[in-house]
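See below for the structure under consideration.
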Amino acid sequence: MTDREELESMCKRRGFIWQSAEIYGGEAGFYDYGHLGARLLDNWKREWKEFFLGLDENYQVIHTPSIHPYRVLEASGHVDHFSDVMVRCERCGSSFRGDQLVEEETGENAEWMGKEEISEKILELDLSCPDCGGTFSEPEDFNMMFQLDIGPTGEKKGFLRPETAQSAYLNFRREFRALRKKMPMGLATIGSAFRNEISPRRGVYRMREFQQAELQIFFLPGIHDDIYEAKFEEIKDTKVRIKRAEAEEAKEIELQDIEDIPAFYLYHLGEMYRFASEVMDLDPKEIRFRELPSEERAFYNKIHFDLEVDFDTIGGWKEISGLHYRSDHDLKQHQEGSNTKLSVPTDNGRKIPHVIELSYGIDRNIWALLDKGYHPDDDRAWLDLPGRLTPRQVAVFPLVRKDGLPEKSREVYDVLDDDLLAHWEKSGSIGKRYARNDEVGTRYCVTIDYDTLEDDTVTIRDVESTEQIRVSIDEIDEIIEGLIEGEKSFQYHQKS
RNA sequence: GCGGUUGUGGUCUAGACUGGUUAGGACCCAAGCUUCCCAAGCUUGUGGCCCGGGUUCAAAUCCCGGCAACCGCACCA
């Protein structure tokens, strides 16, 4: 069980993550990644792209701005739905959503109401604070989006995007032509999104500026089903732990035994599970899919499962990614808002493509790796990260700092540094260097000793077992890369 | 945003209630010595009272304001 303070301390001491602008006291909801954290991020993004773009040759990555013009988010519904009317009790200071107060009293839907309507209703219904009975202040808008002025006059308005998804929808038309009208088509975006959270909490779990990796897939149900049915065939016996909306507990089940969900959805669900368990190497017992009941999900999400991780440091099961079948909602909204035709021709006339969205909170995924990988045991603290994700794949040391060992170790380092994330150090005892590297997840430690000078062999130490093998310098590059790619295990080399 | 708790080198902390030595310790980090494999030892060194204001001869300590973190509430299209 990893303690949150212990992990945060390690992250700060060693160079992973800490509060942004901390020399000025910081600002809630913003975090910086240090040199190791930034590498871990880069590695994760690279693996994510390689994995998900590899699912289909027509899944591609695009790069887009973080600022959207006002009309984009007006059309998407964010201007209305991301903004709530808040009223505050003048006596006790509690604040409430105005529409909820009105709905409770009248039983009618009040979500459409603006400041004025809410204000009138409060007077008309003579509403008072449910906590203390006090009177309310004038209602105010609270918008979760950061609004901006664009240009010198301040007349153009825009927002920092609250999700990266819209960027893909905005590019659907252009890419559909550029990719020569092939469907299904996937557009992936990796970038920052911004939400002016009332109270950011739990470290990087809920931030005001955060990073998303999303894959928006455009397809037509009924027309492209066979493509996904064929793909699904190959992974249909994948076992996943799933908690259905109506179920009390999560159950392990083969995907093919889920009968009420179409193949295009189950296929991506299975691949998301493979990414978590195989690429991120998360323990199947500590991940699950949870289906959101209708009251928890947005109205346009027809099917919605979150992938959750059982965190030690931030209070149990929490979402790190989601799979949403959004139907044709998004393109329909933008077709109307932009007056641009976003439908595509089919044998039965033009149709607006549907969207299935794979949405990853990158920072949450990074925190999951650290939370599940960090082992602050009594005898040693070590970080267990997959070889392709760890910020430091190999470290090279001289056993002692004399007799030419440092120079020799430097030569070995120079070779390894070409193809691997390598590190070299000489200070402190050999044990201390192992300990330092265990803590940041260095996968392998190579030590140059007196035998090296005799026969050009070195030892390689495995972070997990702390055991060593002795290999020739000529092969070292190849052996370590083989270990990191998972071609051969450390145990294999121990036996041979 | 509301309430409670807290804020001391890089990390963890003593000191605060009862204002008054040079703000002490452990670990870490750096340099050197030593060292033939798992945080050994020795020497030397860098570095700190969250920010701003007030009270006082004197503030890490008391008071006010701000900021941040944690917990609870609310919020989380």
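First the proteins, then the strands, lettered A, B, ... as listed; each starts at 1.
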Distance check needed: [N] [atom2] versus [X] [atom1], whole Å only.
X: Met207(A); N: A69(B); atom1: CE; atom2: C1'; result: 16 Å
X: Tyr24(A); N: C51(B); atom1: OH; atom2: C1'; result: 12 Å
X: Arg201(A); N: G1(B); atom1: CZ; atom2: C1'; result: 10 Å

Pull out every protein N or O sitting under 3.5 Å from an N or O of nucleotides 23-30 of chain B, one pair per line with the distance.
unit_1	atom_1	unit_2	atom_2	d
C29(B)	OP1	Arg436(A)	NH1	2.5

Looking at every strand, decide which applies to [X] at a 4.0 Å heavy-atom threshold: base, sugar-phosphate, or nothing.
X: Gln468(A); result: base
X: Arg4(A); result: sugar-phosphate
X: Thr466(A); result: base
X: Tyr300(A); result: base
X: Gly315(A); result: nothing

Distance between the [atom1] atoms of [N] and [M], in whole angstroms?
N: G52(B); M: A59(B); atom1: C1'; answer: 15 Å
N: G4(B); M: U11(B); atom1: P; answer: 28 Å
N: U13(B); M: U8(B); atom1: P; answer: 8 Å
N: C17(B); M: G53(B); atom1: C1'; answer: 24 Å

Choose from [options] the nucleotide whose nearest atom is closest to any side-chain atom of [X].
X: Tyr434(A); options: C36(B), A74(B), C38(B); result: C38(B)
X: Arg401(A); options: C37(B), C33(B), U11(B); result: C33(B)
X: Lys12(A); options: G1(B), U11(B), C67(B); result: U11(B)
X: Arg461(A); options: G1(B), C37(B), C38(B); result: C38(B)
X: Lys402(A); options: A74(B), C38(B), U35(B); result: U35(B)
X: Ala28(A); options: C71(B), A68(B), C38(B); result: A68(B)

Any ion pair linking [Y] and [X] (charged N to carboxylate O, less than 4.0 Å)?
X: Glu197(A); Y: Arg208(A); result: no
X: Arg206(A); Y: Asp363(A); result: no
X: Arg364(A); Y: Glu319(A); result: yes
X: Lys372(A); Y: Glu286(A); result: yes
X: Asp456(A); Y: Lys408(A); result: yes
X: Glu439(A); Y: Arg14(A); result: yes
X: Glu8(A); Y: Lys12(A); result: no

Nearest-nucleotide 5' precedence on RNA chain B, Thr459(A) against Lys426(A) =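 Nearest-nucleotide comparison on RNA chain B picks Lys426(A).
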
query = If each of Glu27(A) and Glu163(A) is mapped to the nucleotide of RNA chain B with the nearest heavy atom, which maps nearer the 5' terminus, i.e. the 5' end?
reply =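 It is Glu27(A), whose closest nucleotide lies nearer the 5' terminus.
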
C36(B) pyrimidine/purine six-ring stacking with Tyr450(A), under 5.5 Å and 30° =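 Yes, Tyr450(A) stacks on the base of C36(B).
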
remark   = Per-residue pairing states of RNA chain B in dot-bracket (Watson-Crick or G-U under 3.5 Å; . unpaired, | other strand) read (((((((..((((......[...)))).(((((.......)))))....(((((..]....))))))))))))....

query = What heavy-atom pair brings Leu369(A) and Trp44(A) nearest, and what distance separates the two atoms?
reply =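 Residues Leu369(A) and Trp44(A), closest heavy atoms: CD1-CD1, 4.0 Å.
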
task = Measure from NZ or CZ of Arg461(A) to the centre of the six-membered ring of Tyr434(A) and say whether it is under 6.0 Å with the direction within 45° of the ring axis.
result =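 The answer is yes, since Arg461(A) meets both limits relative to Tyr434(A).
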
inquiry  = Distance criterion of 3.5 Å, no angle test: do you see the side chain of Asp449(A) paired donor-to-acceptor with the base of C36(B)?
reply    =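 For Asp449(A), whose side chain was compared with the base of C36(B), there is no donor-acceptor pair (under 3.5 Å).
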
task = Taking the side chain as every heavy atom from C-beta outward, state whether His324(A) and Ser359(A) have any atom pair closer than 4.5 Å.
result =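 His324(A) reaches Ser359(A) side chain to side chain.
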
task = Decide yes or no for Phe159(A) and Phe194(A): does some side-chain heavy atom of the first lie under 4.5 Å from some side-chain heavy atom of the second?
result =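 SC-SC contact between Phe159(A) and Phe194(A) ruled out.
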
key: A40(B) phosphate, OP1 or OP2, under 4.0 Å from Ser429(A) side-chain N/O   =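 So the side-chain polar atoms of Ser429(A) do come within 4.0 Å of the phosphate oxygens OP1 or OP2 of A40(B), strictly under.
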
message = So, does Gln19(A) get its side chain near the phosphate of A69(B), meaning an N or O under 4.0 Å from OP1 or OP2?
response =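 For A69(B), OP1/OP2 do have a side-chain N/O of Gln19(A) under 4.0 Å.
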
